Structure formats: structure tokens, C-alpha cells
Protein chains: 2
Amino acid sequence: MEFKHQPTVTLAEVAEAAGVGESTVSRVLRNHGSFSGKTRERVMAAVERLGYVPNRIAGTLASTGSRLVAFVIPSLSNIVFPDVLRGASAVLEENRYQAVFSVTDYDPGKEEALAAAMLAWRPAAVMLAGYEHTEGTVKMLRASGCRIVELLDLDGDALDIAVGFSNRAAGRESAAFLLKRGYRRIGYVGHDLNRDTRAGKRFSSFCETLEAHDAPLVGREILAGASSVENGRLGLERLLARTTDLDAVYFSNDDMALGGYFHCLAQGIAIPSKLAIFGYNGLDIGRATPQPLSTIRTPRVATGQIAAQLVVANAPPQAVDLGFELIEGATA
Amino acid sequence: MEFKHQPTVTLAEVAEAAGVGESTVSRVLRNHGSFSGKTRERVMAAVERLGYVPNRIAGTLASTGSRLVAFVIPSLSNIVFPDVLRGASAVLEENRYQAVFSVTDYDPGKEEALAAAMLAWRPAAVMLAGYEHTEGTVKMLRASGCRIVELLDLDGDALDIAVGFSNRAAGRESAAFLLKRGYRRIGYVGHDLNRDTRAGKRFSSFCETLEAHDAPLVGREILAGASSVENGRLGLERLLARTTDLDAVYFSNDDMALGGYFHCLAQGIAIPSKLAIFGYNGLDIGRATPQPLSTIRTPRVATGQIAAQLVVANAPPQAVDLGFELIEGATA
DNA sequence: GGTTTTTTTGGCAGCGCTACCAATTTGCTG
DNA sequence: CAGCAAATTGGTAGCGCTGCCAAAAAAACC
């Protein structure tokens with residue numbers, strides 16, 4: 001079966017059927033401008049009768065400014081981004097905006113290509129992760145005239161709107177917490193940092209903080225793939241095989257940390273007395289493990305919500321710091 | 001700062017700058033129709049020079065059929081749906097389609113409203129979860145003339161295309177597996193089944209299978225909220241408090257099952273000798289727990305991929321069964 | 001060189017809607 | 001009931017692009 005367009009009902013046909021002008025139908029449907037009660041009823045009756053569905057493509061083209069919001073996100077596997085989308089989509093739906101998205105796989109080149117494709121839809125705003133974009137991407141976005149929202153990072157200069165928190169501060173506070181608890185021989189298990197630059201920022205300020213307190217990082221294990229529970233488990237296993245006397249390990253995020261936690265459970269390594277574990281993100285699952293995971297809870301859903309609200313309200317350029325919360329947990 | 005449209009470069013301006021006609025620019029840009037090599041170069045040079053970004057809104061309006069694919073999904077918290085989106089978006093991006101989405105929160109009324117909003121964008125296809133839609137939704141979709149893809153369920157009649165697997169079969173096989181292992185006093189812990197009808201189908205065929213083998217369900221605990229690790233833990237705790245001598249528990253999905261698993265770990269309940277645990281979904285995390293989770297692995301990403309491929313290829317109506325895989329694991 | 005083909009090109013009418021403006025109707029005031 | 005303001009309507013020119021058609025240019029052929 002080849003695709004066949006149904007004969008679509010147009011606004012003009014509704015106008016005809018209702019015995020009014022096209023612009024009147026348009027006004028009624030958008031509830032914009034003035035019209036009498038009976039006109040409204042006649043139009044609505046015709047709409048109902050014909051099963052009219054407005055064509056937003058045509059509407060958008062004719063009017064200035066669209067109600068599309070474009071998300072260009074690195075991944076859908078990392079729960080962070082579905083969470084952001086979730087927060088944003090609720091707000092956007094309420095305001096009759098439509099979300100469109102594409103996934104870059106943490107590849108800046110792909111980000112540029114996808115951003116270009118997105119701009120072709122003339123969105124009201126483009127939402128991106130963080131500040132690291134190619135020159136081409138920045139130039140394009142700037143030239144597009146649409147709002148630009150950078151999410152989940154505040155360590156840098158925003159192009160327009162930024163919503164999130166400081167990853168550097170998160171790394172710093174994580175380190176400070178471990179030091180305060182008396183850990184001195186600290187290691188790191190993480191995933192590919194070149195791609196996930198926010199994890200990279202956390203890691204570097206984590207290390208700096210350790211050094212500033214004369215307890216430099218003792219060992220690290222960086223795994224090539226994406227973050228995952230299995231990689232966390234594998235990473236900790238490797239790190240422990242190589243580095244002795246570790247008393248705490250910082251993970252690039254909770255997925256990885258849970259992997260490490262499971263490794264300890266499986267190997268009978270006492271937590272936190274023998275080895276402390278600290279994560280990042282504050283996933284729900286970390287609250288339900290036998291020992292709650294020590295981590296930093298990030299405002300992922302709120303980031304999406306606030307970002308969407310600012311776009312809907314067409315707010316002035318600004319950086320909104322939503323902060324984060326350190327969860328002491330029981331693994332560190 | 002109020003939103004201000006930049007003076008946008010149009011195709012007509014590019015044509016002017018390149019010294020060719022509008023249709024020639026259009027042909028070159030879409031690589032469609034014929035044009036000479038030098039024309040191509042001149043056009044591309046002008047595009048580059050002016051920083052022209054095609055307007056897909058206008059393009060879609062002018063041509064027949066759009067390259068938008070609409071997803072109307074129940075949730076972004078349940079990893080199932082991000083996984084489906086992930087699979088689909090890769091295929092769609094390769095084919096220059098654009099994904100748009102909205103979230104129903106498992107509310108059929110909201111699904112209807114959002115589907116209507118989606119149709120206003122005249123998508124090439126609408127992708128929905130499962131078969132349970134309101135009469136209004138079905139009528140609208142049918143009338144729209146766009147492709148309809150129902151995902152993750154095959155127990156029912158497809159409107160057009162369906163991609164997924166049988167949830168009833170999954171429930172049946174889960175029960176058969178537990179019975180084969182010798183468990184006879186089996187309980188269930190699940191989340192709200194009215195909303196998640198696919199979980200409901202699994203549960204009912206699970207129960208039927210147990211009854212057919214003279215080992216009817218011994219107890220159940222249904223939690224009001226969404227599925228989550230914490231609810232799974234809480235659910236199992238409640239069920240155990242009420243029902244004695246259970247030897248196995250079936251969970252509505254892996255999130256819930258992990259919660260149950262953690263409860264057992266925390267309470268020192270030996271798995272599987274004292275209590276067996278069986279989940280559903282086959283999340284990666286279940287492979288990394290000290291004892292791998294016994295579960296059914298569902299082809300979530302593949303569901304998205306295949307669905308997208310069928311839409312892109314404009315395939316005839318069909319139901320594609322991708323099956324599932326029973327993971328024996330070590331918890332049952 | 002003169003045709004006949006084939007390839008390349010430009011013009012222009014929409015796609016379905018919104019924004020603007022002018023026309024019409026209604027409501028009030030004195 | 002004239003006289004004017006306010007509320008309601010319809011007409012229509014685009015929005016930026018694609019698809020069709022006919023014209024022009026290039027290539028192929030006798």
C-alpha cells in the first residue's frame with residue numbers, strides 16, 4: 001500500500017460550511033480577536049461536522065514565530081536527558097508548544113549537523129547540553145535569531161539562556177565531603193570524558209580539591225564506552241586489582257557507582273569501612289539499595305521545567321543556577 | 001529582551017545572489033532533478049556566503065507529505081520509552097526525518113488531546129504505545145491518512161502497523177519458567193495496572209498459566225504510583241508481611257524487581273533458595289547485580305528501529321513480532 | 001548545418017493559514 | 001433618529017517553498 005493523502009479538510013471549507021469568512025474561523029479557533037457567541041457556535045459545529053484538524057505547518061508559516069522547541073541532546077541512554085525532556089515537555093504541552101528532538105551521541109560534529117537540521121524548522125528555541133559546541137554551531141545558532149538554552153552546566157559563558165548548576169562545584173563538594181569523612185586514598189572510576197565534558201569538569205575539580213588538601217588522587221580507571229552499571233563494576237574491579245589501599249572511590253555517575261557497589265557486595269568488600277563509594281546524579285534507585293548511595297542529587301527535571309518556562313515566557317538572557325544536593329547516604 | 005526575528009535569508013535571495021532561478025536553487029539543495037556542475041557550485045557558494053538555512057516549514061507546506069514522525073508516549077520515566085525513541089531516532093535521523101514527541105502520563109484522554117495536537121503538524125506517521133486508545137483517538141488517526149504505528153504490544157488488532165511482542169506470551173512464559181523451577185507458592189508485586197495496560201496483560205496471562213497448573217497466585221500487592229525501585233521494595237515488604245510461605249515473586253518489571261531484590265539483601269532473605277524473584281524488561285543493571293536478575297529481555301531499541309524503518313520505507317500494514325528472550329539469571 | 005533529443009533552466013501558481021485593513025453591523029448617547 | 005464609537009466581519013496579500021510546464025541551451029545525430 002502506497003501512502004495516500006486523504007482529502008484534507010481546510011479552513012476554507014470550514015468557513016464555507018459555517019457560512020462565515022476564513023478569517024473569522026481562524027479567529028474563533030485561536031480564540032483571538034473578537035467574534036460573537038453565535039458565530040463561535042456555528043464555526044465549532046462546522047469544525048465538528050467536518051472533522052477539521054488545523055494545519056499548524058501552514059499556521060506557523062503564515063505567522064511570525066513558531067511554537068516548536070528543539071532539543072539537541074547527547075543521549076537517551078543516560079537518564080539525565082529523558083529527565084530533562086520530561087520536565088520540559090510538561091511545561092511545553094501546557095503552553096501548546098511542541099517538542100522536537102534529536103540525539104548527538106556526544107559528537108560535536110553531529111551536534112552541528114543536527115542543530116542545522118533543527119533550525120530548518122524555525123523553532124522558537126533550541127535547547128542543548130552544556131557549553132561545548134563547535135564554532136559552526138555557535139555561529140549558526142547566533143545567526144538564527146531563535147532562543148538558545150544551554151542545559152545542565154554553568155561553568156562557562158552562556159550564549160543566551162543557561163539553566164543548570166555548576167559541575168565544577170559538584171566535583172569540588174564531592175571531594176570535600178570525602179575528605180571531611182577522613183578518606184585520603186581516593187580513586188576514580190569513570191567513562192569517556194572527552195565526550196561527556198560535564199563529567200570531565202566534575203573530575204578535574206574533584207582532583208584539584210584533593211590536591212589542595214594534600215591527598216591527590218591515588219588511581220583512576222577510565223572506561224571507553226558509555227556510562228553503565230556494568231562498566232562501573234568492571235572499572236572498580238580493574239582499579240582495585242591495580243591500586244592497593246584505596247579507601248574511597250569517586251564514580252563519574254550513579255550508574256557507574258552502582259556497578260562498583262555491586263562489585264563490593266559480590267566480593268564481600270565492606271562498605272564503607274573497607275571502601276567508600278560516591279556517585280553523582282541522585283538516581284532514585286540509589287535510595288533503595290540496602291545501603292543508600294552517597295551521591296549528589298541533580299535537579300534534572302527542574303532544569304527542563306525552568307528552561308521551558310523561560311522560553312515560553314520569552315525571558316531575557318540569563319543563567320539560572322538550580323544548585324544540587326549532597327546526599328550523605330551510607331556508602332561513604 | 002523581546003524576541004525579535006532576525007532578517008531571515010530566503011531561497012529567493014540565494015537565487016538572486018547566485019544569478020539563477022528559484023527552482024534551480026531548490027533543485028540543487030534537494031539534489032533532485034537535473035542541473036549542471038557549475039550551477040551547483042554557484043548556488044552552494046551563495047548559500048555559504050549568505051548563511052542560508054532552508055525553511056522546512058515552507059517546504060513541507062508546499063510539498064505533499066512531511067518528514068515529521070510523531071511519538072505519543074505514556075512516560076519518559078519508564079526506560080522503555082526512551083529506549084524506543086533511541087532506536088527510532090537513529091533511523092529517522094539517517095533518513096532526514098524529524099522526531100517530535102509528547103507524553104501522556106498513561107492517560108488515554110490526554111493521549112487523545114496530544115494525538116490531535118500532533119496531527120496538526122501533518123506528520124508522516126504517529127507512533128503510540130499499545131492498542132488501548134479512546135474511540136476518538138482511533139477515529140482521528142484513521143481519518144488523518146497518516147501512518148499509525150502501535151508499539152510494544154501484539155495482543156490485539158493493529159490499526160495499521162504494529163511492532164513489538166506479545167505481553168501475554170511474556171506473562172505466560174514467566175509463569176511457566178517459575179513453575180518449571182518448582183515454585184508453587186507464587187506472589188505478585190506490581191504498579192498501577194489500569195494505566196499500564198501492557199503490564200496488566202502480562203499479569204493476567206501469568207495468573208492464568210499458574211491456575212492452569214494448579215498453583216494459583218498466592219498473594220499480590222499493587223502499588224498506586226508509577227513503577228520504581230522504591231515501590232518494588234515497599235511492595236515486597238508489604239506482601240511478605242501479609243503472605244506466608246511464598247517461594248517466588250513475579251514483579252511488574254525490573255525496576256520493581258530490583259527493589260524486591262534489595263529488600264531481600266537488606267533483610268538477609270536468601271535468593272533464590274528462600275525466595276525467588278522474577279522481573280520483566282531485561283535492564284542492563286540486572287546483569288550487574290551480585291546475582292543476575294531472572295527476567296525477560298524485551299527488544300525495546302529494536303522496536304523503535306524497526307518501527308522507524310517501516311515508516312521510512314512506507315511499508316504495507318503489518319504486525320512485526322520481535323519476540324523476547326527469557327534470561328534465566330540467578331534470582332529464580 | 002539543420003534537426004531532433006536531451007538536459008538544464010526560469011516562471012509562477014499554489015500549499016493552508018494569519019495579519020492587516022477596510023467594510024459592515026451593533027450599541028449608545030443626546 | 002441622527003451621529004459616532006465599538007464590536008464584528010470578510011477580503012486578500014503574503015509566509016517560503018515545491019511542482020509543473022514551457023522555454024532555452026546543450027548534446028547528439030544524419
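A quick note: this is a predicted structure, and the numbers were derived from the prediction, not measured. A, B, ... follow the sequence lines: proteins, then strands. Residue 1 opens every chain. Atoms considered below: every heavy atom in the structure, side chains included; atoms not considered: hydrogens, waters and symmetry mates.
- Atom CZ of B:Arg56 is separated from atom P of D:dC15 by 22 Å (rounded to the nearest Å).
- Nearer the 5' end of DNA chain D, as judged by each residue's closest nucleotide, is the contact made by A:Glu22, out of B:Asn55 and A:Glu22.
- Within 3.5 Å, no donor on the side chain of A:Thr8 pairs with an acceptor on the base of C:dG16, nor the reverse.
- Under 3.5 Å, the side chains of B:Ser36 and B:Arg40 contain no donor-acceptor pair of N or O atoms.
- Along DNA chain C, the nucleotide nearest B:Ala62 and the nucleotide nearest B:Lys38 are compared for position; the residue whose nucleotide lies closer to the 5' end is B:Lys38.
- Proximity of B:Thr24 to the phosphate of C:dT9: no side-chain N or O atom is located under 4.0 Å from OP1 or OP2.
- In this model, a donor atom of one side chain and an acceptor atom of the other lie less than 3.5 Å apart for B:Arg86 and A:Ser77.
- In this structure, a donor-acceptor pair under 3.5 Å is present between the side chains of A:Arg27 and A:Thr24.
- On a pure distance criterion of 3.5 Å, no polar donor-acceptor pair joins the side chain of B:Thr10 and the base of D:dG16.
- Residues B:His133 and B:Glu112 have side chains that never bring a donor and an acceptor to within less than 3.5 angstrom of each other.
- Here the P atom of nucleotide D:dC17 and the OH atom of B:Tyr52 are 3 Å apart, to the nearest Å.
- Atom NE2 in B:His32 sits roughly 14 Å away from atom C1' in D:dC17 (whole-Å rounding).
- Atom CZ in B:Phe35 sits roughly 17 Å away from atom P in D:dA26 (whole-Å rounding).
- Residues forming a ring-ring contact (aromatic ring centres under 6.0 Å, His included) with A:Phe71 (at least two apart in sequence, or on another chain): none.
- Nucleic acid contact for A:Ser34: base, since at least one base atom lies under 4.0 Å from a heavy atom of the residue.
- When rounded to the nearest whole Å, the span between CG of B:Leu50 and P of D:dG16 equals 15 Å.
- Terminal axes of the helix from C:dG1-D:dC30 to C:dG30-D:dC1 (five pairs each, C1' rotation axis) are separated by 30°, to the nearest 10°.
- Among the heavy atoms of the strands lying under 4.0 Å from B:Thr39 are primed sugar atoms or P, OP1, OP2 only; no base atom is included.
- Here D:dG11 is the nucleotide among D:dG16, D:dG11, C:dC12 with the atom lying nearest to any side-chain atom of A:Ser23.
- B:Thr137 and B:Thr134 share a side-chain donor-acceptor pair at under 3.5 Å.
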Residues A:Asn31, A:Leu29; criterion side-chain contact (heavy atoms from CB on, under 4.5 Å); working and verdict: CA-CA 5 Å; A:Asn31 196 32; A:Leu29 257 32; over 6 Å; no
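- For the pair B:Arg30 and D:dG19, the criterion of a side-chain N or O lying under 4.0 Å from OP1 or OP2 is met.
- Applying the 4.0 Å criterion to OP1 and OP2 of D:dT9, one finds that A:Ser36 has a side-chain N or O inside that range.
- The distance between atom CG of A:Leu61 and atom P of C:dA19, rounded to the nearest whole Å, is 12 Å.
- In this structure, the CD atom of A:Glu13 is 9 Å from the P atom of C:dG16, given to the nearest Å.
- Taking atom CZ of residue A:Arg40 and atom P of nucleotide D:dT9, one finds them 13 Å apart after rounding to whole Å.
- Proximity of B:Val84 to B:Ile73: side-chain heavy atoms (C-beta onward) are nowhere separated by under 4.5 Å.
- Within the 4.0 angstrom heavy-atom criterion, base atoms lie near A:Arg27.
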